[in-house]
Amino acid sequence: MQQDPDVIARPPEALIGDLNPQQAEAVQYRGPALLIGAGAGSGKTRVLTRRIAWILTQFGAWPSQVLAITFTNKAAAEMRERLESLIGPVASRMWVSTFHSACVRILRRDGERIGLKSGFTIYDTADCERLIKLIANDFNFDVKRYTPRSILARISDYKNNLTSAREMLAQYAPDFKPGQRGYRVGRIGNPEELYAVVYAEYQHRLAAANAVDFDDLIVRTVELLRACPDVAEYYHRKFRYILVDEYQDTNHAQYVLIRELAGVDAGGHADMGAVGAGRVGPAWITVVGDSDQSIYAFRGADIRNIQDFEQDFPNAKTIMLEQNYRSTQTILDAANAVIAHNEGRKPKRLWTAAGAGEQITAYAADTAQLEAHWIAAQIKRLHTDDGVRYSDIAVMYRANAQSRSLEEGLIQARVPYQLIGGTKFYERREVKDALAYLQAIVNPADDINMRRILNVPKRGLGARAESQVTLHAQQIGGTFWDGVAHADQIEGMTARTLNPLMRFAQMMQELREFAQEHDAKPSQIVAEVLERSGLLEELKKSQDPQDQSRVENLSQLQSVAAEYEQNTPDATLAGFLETTALVADSDQLPDESQDSGKVTLMTLHTAKGLEYPIVFLTGMEQGTFPHARAMEDTSELSEERRLAYVGITRAKRHLFVTRAAVRAQWGRSAEMMPSQFLDEIPADLIDWKRKEAGMERMRSGWRANASHDFGAHGGWNDDEFDAPSSFGGSSYGSRSSYGSGSSYGSRSTYGSGVRGSAAHAGKVTTRRAPVRQPAQPASSLKTDNHLRIEDFAVGDKVTHDKFGLGTVVDAQDKGRNSVITVDFGSSGVKRLMLRVAPIEKL
DNA sequence: GCCAAAAAGTTTTTT
DNA sequence: ACTTTTTGGC
């Protein structure tokens with residue numbers, strides 16, 4: 001048996017001795033296809049790295065024959081690190097990377113075969129949106145009705161399903177030729193025609209700009225492997241073992257990519273008795289995932305990939321890991337109870353050998369500000385009284401917009417924190433500007449970036465000049481840059497425009513030469529660009545205080561380039577740009593080995609894969625979490641619930657759940673009902689520090705006097721009398737802190753009548769809660785539309801606020817939780833919770 | 001072409 | 001509430 005002499009030899013016992021039987025079985029399994037169903041905290045990464053070491057030492061594979069795929073750079077880096085300590089520096093010879101960077105690597109090598117020149121640019125979402133807007137202008141369609149965002153979402157769907165623009169055109173607009181001017185989109189006809197035309201034109205322009213978007217990285221790699229058998233053959237021979245992490249988050253394109261890379265469909269069948277994957281036939285595949293943690297369906301992840309694994313890959317074996325090494329039984333019980341509410345899932349129960357641990361602590365605050373205040377006070381207390389390190393605490397939320405009030409609370413309490421995510425560094429205006437210069441230098445055909453910098457900094461080349469150049473470029477059949485370079489041929493151009501244009505062309509030419517001479521020193525190129533372009537100068541002389549921090553960001557960009565240069569042996573400018581294009585939020589998380597001394601704030605999505613001794617799950621309100629836009633569709637609601645499951649299982653020792661009764665959104669305050677997920681956690685696991693907010697207490701008191709038939713609206717009032725603090729007497733934040741607690745929050749935050757009348761002495765609830773609809777909070781979130789399931793039958797027509805006209809294809813009577821399934825044609829088939837669906841029967 | 005003022009969009013989650 | 005885009009006057 002061959003073996004790489006550089007791989008540190010490990011006796012088998014060292015790799016499996018400390019594992020439980022299922023883990024050990026997963027590490028050792030010999031066979032063409034293995035699915036490891038890894039529940040949260042079940043030691044997944046450990047099993048994966050041990051299995052790789054096992055494959056190398058026991059199956060006799062070479063490191064270069066292994067491809068391990070993760071979703072984030074952080075996960076890839078962590079895996080590489082752990083492999084290095086297991087098998088030594090040879091780990092660097094393995095491909096351990098994300099889907100996207102693996103594809104970049106493949107495309108850089110052979111992309112020319114499908115028309116991608118090697119310096120290709122990767123467009124981020126903002127770039128893609130600009131491109132769609134350009135197309136929208138040329139085709140003159142209604143951007144209000146078809147927003148660039150929604151069109152891109154549609155195009156992304158097509159790509160995730162490997163539907164080409166050509167197929168779409170053939171079906172909906174056979175007359176359209178990409179690049180053609182003056183095509184009239186049928187104005188009443190179906191939107192599909194417009195999508196098809198824009199999709200095709202979008203791809204056409206990406207190709208002309210030698211650019212790809214994120215989805216293209218996967219799609220075009222599949223295209224390459226399918227179009228060039230010799231390239232596919234190369235990878236079939238090369239990769240004999242393929243391992244995929246977070247398999248539940250793969251979309252169809254990624255699934256096909258794996259199959260193509262492994263050569264599953266390329267013939268040759270696996271020998272079940274074999275000791276290894278050998279040299280021919282399909283590669284051996286290991287996938288790891290947990291269908292309960294699938295939270296990316298919104299971007300095309302298809303849960304069926306993991307559910308159907310056994311049918312998709314012949315002779316597949318499944319091993320379930322259900323023992324959890326992370327959390328207390330209390331936390332796992334809560335997680336199990338919540339996720340059990342999802343329909344149609346394979347039952348699975350996490351268990352632990354650790355004890356019950358502390359109860360879950362819960363708190364209902366009056367406002368988001370007070371919620372933050374309470375959290376900050378708890379963190380302070382944990383830190384000072386219990387000696388908990390700040391870095392052992394994480395605060396999680398559903399949407400980035402929630403971070404602001406939490407930050408303010410922590411600042412007030414002087415708790416150090418780090419915020420992960422939000423506006424990314426590389427998406428800041430000034431950084432994007434600088435990167436646009438670099439992209440335009442590497443790839444002059446990149447119209448989007450070239451246009452972006454034409455008048456940044458201001459050099460007197462506005463919309464007029466831009467359209468003149470565009471027109472000229474079209475006439476000579478070249479790129480935007482060609483138009484700039486030959487601006488002197490443009491008829492009717494004034495010297496006032498021509499001069500700065502020529503200077504711009506000259507400058508770009510010189511920057512290009514500079515870049516070619518210093519290709520291995522991206523940091524020097526960055527410096528030169530900042531200087532020559534005048535970007536830095538414009539910001540430096542600006543009066544706007546914001547521009548000061550912009551200067552700092554630009555200097556940080558230079559540092560990032562210098563760092564890249566030091567860590568990368570064969571550094572190039574194009575290589576640097578690649579790393580900037582593929583960063584994720586979680587990549588900015590510091591190494592867990594070092595104590596940052598800070599509390600971590602992040603979204604639940606970013607938190608996936610992480611763990612903290614103390615976790616705060618905030619904003620547990622209907623409309624916040626589950627998010628309002630996910631509440632009516634049962635499949636989207638299931639995804640929210642999985643997200644709650646992910647959040648709960650991040651906690652090792654102590655979980656806090658909090659909610660606010662009033663939350664400011666869109667500049668207005670809205671009353672929020674408690675999240676249904678709180679109801680789904682068994683009551684005996686929760687220690688409520690405060691169960692009802694002041695207003696709710698007051699109102700439920702009124703209701704109890706007025707009538708007795710409110711029980712149906714959720715059991716939130718049952719222990720109102722033994723809650724720790726009585727109405728109005730919260731230990732934090734008195735009335736006076738409403739609206740003045742933060743430097744941003746003006747009084748108007750709470751001014752929408754509610755607090756205004758509260759200030760005018762006790763007549764609050766009569767106005768707010770008229771007897772007719774006492775339990776209906778005056779928020780935008782209706783809990784009941786009073787539609788009755790009996791009124792709906794298969795075949796009935798309905799209209800939906802968002803999806804338009806549809807036909808009922810199924811109606812299930814489940815009382816309050818009745819669900820109807822409606823086919824909305826091009827918007828798809830939706831399962832809607834009848835009680836909350838914004839529909840009308842026709 | 002530029003700037004200030006007004007209007008409109010934004011808040012799902014991300015490689 | 002905040003940011004981006006559009007508009008209108010210079």
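Just so you know, these numbers use all the heavy atoms, side chains as well, and skip hydrogens, waters and symmetry mates.
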DNA chain B: 5'-proximal contact among A:V583 and A:H627 (nearest heavy atom):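 The answer here is A:H627.
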
Short side-chain N/O contact to [N] OP1/OP2 from [X], under 4.0 Å:
X: A:T72; N: B:dT15; answer: no
X: A:R642; N: B:dT13; answer: no
X: A:K133; N: C:dT5; answer: yes
X: A:N455; N: B:dG1; answer: no

Report the distance from atom [atom1] of [X] to atom [atom2] of [N], rounded to the nearest whole Å.
X: A:Q665; N: B:dT10; atom1: CD; atom2: P; result: 15 Å
X: A:N137; N: C:dT6; atom1: CG; atom2: P; result: 9 Å
X: A:N251; N: B:dT13; atom1: CG; atom2: P; result: 20 Å
X: A:K432; N: C:dT3; atom1: NZ; atom2: P; result: 19 Å
X: A:E640; N: B:dT11; atom1: CD; atom2: P; result: 16 Å

With a cut-off of under 6.0 Å to the ring centre and 45° to the axis, is A:R108 in cation-pi contact with A:F120? yes

On the ring face of A:Y296, is A:R299 found with NZ or CZ under 6.0 Å from the centre and within 45° of the axis? yes

Assign [X] to base, sugar-phosphate, or nothing according to its heavy-atom contacts below 4.0 angstrom with the strands shown.
X: A:R149; value: sugar-phosphate
X: A:T606; value: sugar-phosphate
X: A:N73; value: nothing
X: A:A465; value: sugar-phosphate
X: A:Y296; value: sugar-phosphate
X: A:F71; value: sugar-phosphate

Is A:E427 atom CD crowded by more than 12 heavy atoms from other residues, nucleotides or ligands, each under 6.0 Å away?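 Enclosed.
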
Output yes if the stacking criterion (under 5.5 Å between centres, under 30° between planes) is met for A:F298 over the base of B:dT13, else no. yes

Can you check whether A:I155 reaches A:I132 side chain to side chain, under 4.5 Å on heavy atoms?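 Yes; the side chains approach each other to less than 4.5 Å.
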
Watson-Crick or G-U wobble partner of B:dT10, both distances under 3.5 Å: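 By the stated definition (distances under 3.5 Å), C:dA1 pairs with B:dT10.
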
Tell me which nucleotide among B:dT13, B:dT11, B:dT15 gets nearest to the side chain of A:K424. B:dT15

Flag the pair A:R404 and A:E407 as a salt bridge only when some basic side-chain nitrogen lies within less than 4.0 angstrom of an acidic carboxylate oxygen. no

